[in-house]
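Notes to accompany the following structure.
All ligand and atom numbering here is 1-based and tracks the order in the structure.
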Amino acid sequence: MVIRKASLGDVDQMKTLIDFYASKSRMLPRSLSYIYEHVREYTVCKEGELVIGCCALHVTWRDLAEVKSLAVDPRYMNKGVGKDLLFAALKEAKEMGINEVFTLTLESEFFLKNGFKKTSKEKLPMKIWGECIQCNKYPNCDEEALVYKIK
Ligand SMILES: CC(C)(COP(=O)(O)OP(=O)(O)OC[C@H]1O[C@@H](n2cnc3c(N)ncnc32)[C@H](O)[C@@H]1OP(=O)(O)O)[C@@H](O)C(=O)NCCC(=O)NCCS
């Protein structure tokens, strides 16, 4: 398994993976256009030609970024892929000088196990809510907000 920044050849498989979880209301869907435009935000985990996981790091503000679209192919769950992708995103954040990384998720236990702490959504900047309007759960959000402080 190799963890590396996504390339254009990975995009179709990333979309399939994200669509799979979006269809179960586990994450927001992403159009092909969105993924191409944001492809430099994504890291992938590959086994041969197969994309088995992906994760995006989206810079929000001077010292804040969001982990988005963390998804692992169900056939490869519980093998450390999600953790490796998450820590690759956190490493990238650190290298960019970001102090704090947050996520909005239904998988709080996974993030708590990996160093995140629960926070109140109200503590996050207003600008992050722009995307929520696209969510079919809006305004009844069931995701929790968690943050990771980078030393
Ligand atoms: C959440 C997800 C990314 C975890 O990926 P994974 O590759 O299966 O997880 P890992 O094998 O890296 O697990 C790392 C650690 O977290 C734990 N863990 C994994 N999933 C967990 C969960 N749902 N709840 C609690 N702990 C979990 C593992 O037991 C492991 O613990 P350990 O280090 O003590 O052994 C994956 O289940 C997934 O893609 N879920 C659906 C999409 C989703 O909801 N993504 C959330 C972000 S939007």
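- In this structure, Lys46 and Val51 approach most closely via the heavy-atom pair CE-CG2, 4.2 Å.
- A salt bridge is absent between Glu109 and Lys113: the closest approach of a Lys/Arg side-chain nitrogen to an acidic carboxylate oxygen does not fall below 4.0 angstrom.
- Atoms of ligand 1 found under 4.0 Å from any heavy atom of Lys83 (numbered from 1 in listed order, with element): 12 (O), 14 (C), 33 (O).
- Using a cutoff of 4.0 Å between basic side-chain nitrogens and carboxylate oxygens, Glu143 and Lys121 are not scored as salt-bridged.
- When the shell of 6.0 Å around CE of Met1 is examined, it contains more than 12 heavy atoms from other residues, nucleotides or ligands.
- Nearest protein neighbour of atom 7 (O) of ligand 1, counting heavy atoms only, is Gly82 N, 2.8 Å.
- Considering only residues two or more places apart in sequence or on other chains, Phe116 meets the ring-ring contact (aromatic ring centres under 6.0 Å, His included) condition with Phe111, Tyr148.
- Near Lys113, meaning under 4.0 Å from any of its heavy atoms, are these atoms of ligand 1: 16 (O), 17 (C), 26 (N), 29 (O), 31 (O), 34 (O).
- Phe87 and Phe102 end up in different hydrophobic clusters when Ile, Leu, Val, Met, Phe, Trp and Tyr side chains are linked at under 4.5 Å.
- Listed by atom number, the atoms of ligand 1 under 4.0 Å from Ala71 heavy atoms are 39 (O).
- Near Thr105, meaning under 4.0 Å from one of its heavy atoms, ligand 1 places the atoms 46 (C), 47 (C).
- Contacts with ligand 1 closer than 4.0 Å are made by backbone heavy atoms (N, CA, C, O) of Lys79 only, the side chain lying farther away.
- The shell of residues lying under 4.0 angstrom from ligand 1, judged by heavy atoms, excludes Leu106.
- The backbone and the side chain of Met77 each have at least one atom closer than 4.0 Å to an atom of ligand 1 (non-hydrogen atoms only).
- Looking at heavy atoms from C-beta onward, Arg30 lies out of side-chain contact with His38 at the 4.5 angstrom threshold.
- Proximity to Gly80 (heavy-atom distance under 4.0 Å) selects the following atoms of ligand 1: 10 (P), 11 (O), 12 (O).
- Between the side chains of Glu122 and Ser120, a donor-acceptor pair is found at a separation under 3.5 Å.
- Proximity of Phe110 to ligand 1, defined as any heavy-atom pair under 4.0 Å, is shared by backbone and side chain alike.
- A salt bridge links Glu92 with Lys5: the closest approach of a Lys/Arg side-chain nitrogen to an acidic carboxylate oxygen falls below 4.0 angstrom.
- Among protein heavy atoms, the minimum distance from atom 41 (C) of ligand 1 is reached at Tyr21 CE2, 3.4 Å.
- The single protein non-hydrogen atom nearest to atom 45 (N) of ligand 1 is Leu70 O, 2.8 Å, given as residue, atom name and distance.
- There is a protein heavy atom less than 4.0 angstrom from atom 5 (O) of ligand 1.
- If you look at Glu107 next to ligand 1, the close heavy atoms, those under 4.0 Å, all belong to the side chain.
- Put simply, the side chain of Thr105 does not reach to within 4.5 Å of the side chain of Leu70, judged on heavy atoms.
- Ranking protein heavy atoms by distance to atom 25 (C) of ligand 1, first place goes to Glu109 CB, 3.4 Å.
- At the top of the distance list for atom 39 (O) of ligand 1, counting protein heavy atoms only, stands Val72 N, 2.8 Å.
- Residue, atom and distance of the protein heavy atom nearest to atom 8 (O) of ligand 1 are Asn78 N, 2.8 Å.
- No side-chain N or O of Asp19 forms a donor-acceptor pair with one of Thr16 less than 3.5 Å apart.
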